[in-house]
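Since the model is a prediction, treat every value here as computed from it, not as a measurement. These values consider heavy atoms only, across backbone and side chains, with no hydrogens, waters or symmetry-generated copies.
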Amino acid sequence: MLTVGTVVLGVEDMERAVAFWSAALGYVRRDDATDFVVLVPEGGVGTRVAFQRSSAPVQEVPRVHLDLYAGDSADQAAEVERLVGLGAERVDWPHYPADPDFVVLADPEGNRFCVIDTAHG
């Protein structure tokens with residue numbers, strides 16, 4: 001049986017991406033590589049996130065993205081503000097449903113991701 005071991009994001013500025021996602025997730029750098037950097041959960045349990053250099057343009061409506069889970073709407077709002085403070089940007093997302101449980105952000109590289117209110121009905 002296969003499992004998801006690592007999610008890989010393309011980035012142009014490796015150090016900027018690693019700094020943002022390390023702070024966003026509380027992950028640590030696995031080694032000193034420079035062209036393909038893997039971040040792992042500090043406690044060792046969880047999905048790894050890696051970065052590889054890419055000059056491909058960012059997809060405004062990506063086919064694949066990360067969903068980050070928050071506990072409830074207050075937790076979601078606090079996490080969105082924390083992530084914006086770390087360098088994420090709010091995305092003017094044209095595809096929000098009437099009562100969304102998610103907020104779309106972009107990391108400093110422009111990669112889209114969502115912060116989910118998991119308590120939303």
Side-chain angles (χ1 to χ4, degrees):
M1 175 63 79
L2 296 174
T3 61
V4 176
T6 305
V7 176
V8 182
L9 299 175
V11 299
E12 288 185 16
D13 186 331
M14 184 69 73
E15 292 309 313
R16 177 173 66 180
V18 168
F20 172 80
W21 285 105
S22 294
L25 300 174
Y27 279 27
V28 295
R29 196 173 186 144
R30 184 181 69 182
D31 53 37
D32 292 331
T34 57
D35 289 333
F36 188 86
V37 175
V38 179
L39 297 180
V40 297
E42 193 165 26
V45 177
T47 303
R48 295 174 289 190
V49 178
F51 308 93
Q52 66 183 17
R53 292 196 191 278
S54 174
S55 60
V58 171
Q59 294 177 319
E60 292 202 19
V61 181
R63 294 180 68 153
V64 177
H65 67 274
L66 297 178
D67 280 352
L68 306 180
Y69 287 4
D72 59 20
S73 61
D75 189 30
Q76 178 190 47
E79 286 297 333
V80 166
E81 291 308 311
R82 183 180 72 83
L83 293 164
V84 167
L86 292 173
E89 292 185 10
R90 294 175 186 272
V91 173
D92 184 17
W93 192 250
H95 307 291
Y96 278 119
D99 185 25
D101 64 348
F102 63 97
V103 174
V104 180
L105 300 176
D107 72 7
E109 288 285 309
N111 294 307
R112 283 15 178 195
F113 65 97
C114 296
V115 179
I116 311 295
D117 168 2
T118 59
H120 189 277

Which pair of non-hydrogen atoms, one from [X] and one from [Y], has the smallest distance, and what is that distance?
X	Y	result
Val11	Ala17	CG1-CB, 3.6 Å
Ala33	Asp31	N-OD1, 3.1 Å
Phe36	Val8	CE1-CG1, 3.9 Å
Val49	Phe51	CG1-CZ, 3.6 Å
Phe20	Asp107	CE2-CB, 3.7 Å
Pro62	Gln59	CA-OE1, 3.3 Å

Single-linkage hydrophobic cluster [X]~[Y], side-chain heavy atoms < 4.5 angstrom:
X	Y	answer
Trp21	Met14	yes
Leu86	Val103	yes
Phe102	Leu105	yes
Val61	Ile116	yes
Val64	Val58	no

Original post:
Around Asp67, counting heavy atoms of other residues, nucleotides and ligands shown, do more than 12 lie under 6.0 Å from its CG?
Top reply: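 Result for CG/Asp67: enclosed.
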Original post:
Within a reach of under 6.0 Å around OH of Tyr69, are more than 12 heavy atoms found that belong to other residues, nucleotides or ligands?
Top reply: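 Not buried by this count: 12 neighbours or fewer within 6.0 Å.
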[X] side chain vs [Y] backbone, donor-acceptor pair below 3.5 Å:
X	Y	answer
Glu109	Glu12	yes
Gln76	Ala119	no
Asp35	Arg53	no
Thr118	Ala70	yes
Arg30	Val28	no

Subject >> Distance in Å, Leu25 CG paired with Arg48 CZ, rounded so as to fall on 0.5 Å steps >> reply: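 Nearest 0.5 Å value for the CG-CZ distance: 14.5 Å.
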**OP:** First locate atom NE2 of His65, then atom CG of Leu9, and finally report the distance between them rounded to the nearest 0.5 Å.
**Re:**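 Answer rounded to 0.5 Å: 11.5 Å.
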Original post:
For Glu79 and Leu68, what are the C-alpha separation, side-chain angles and deciding distance, and is it a side chain to side chain contact (heavy atoms under 4.5 Å, CB included)?
Top reply: CA-CA 10 Å; Glu79 286 297 333; Leu68 306 180; over 6 Å; no
**OP:** Check whether any side-chain heavy atom of Val91 sits under 4.5 Å from a side-chain heavy atom of Arg112, and report yes or no.
**Re:**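 A side-chain contact exists here, since the closest heavy-atom pair is under 4.5 Å.
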**OP:** Can you spot which of Leu66, Val104, Val80 makes a side chain to side chain contact (heavy atoms under 4.5 Å, CB included) with Val115?
**Re:**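 Looking at Leu66, Val104, Val80, the match for Val115 under the side chain to side chain contact (heavy atoms under 4.5 Å, CB included) is Val80.
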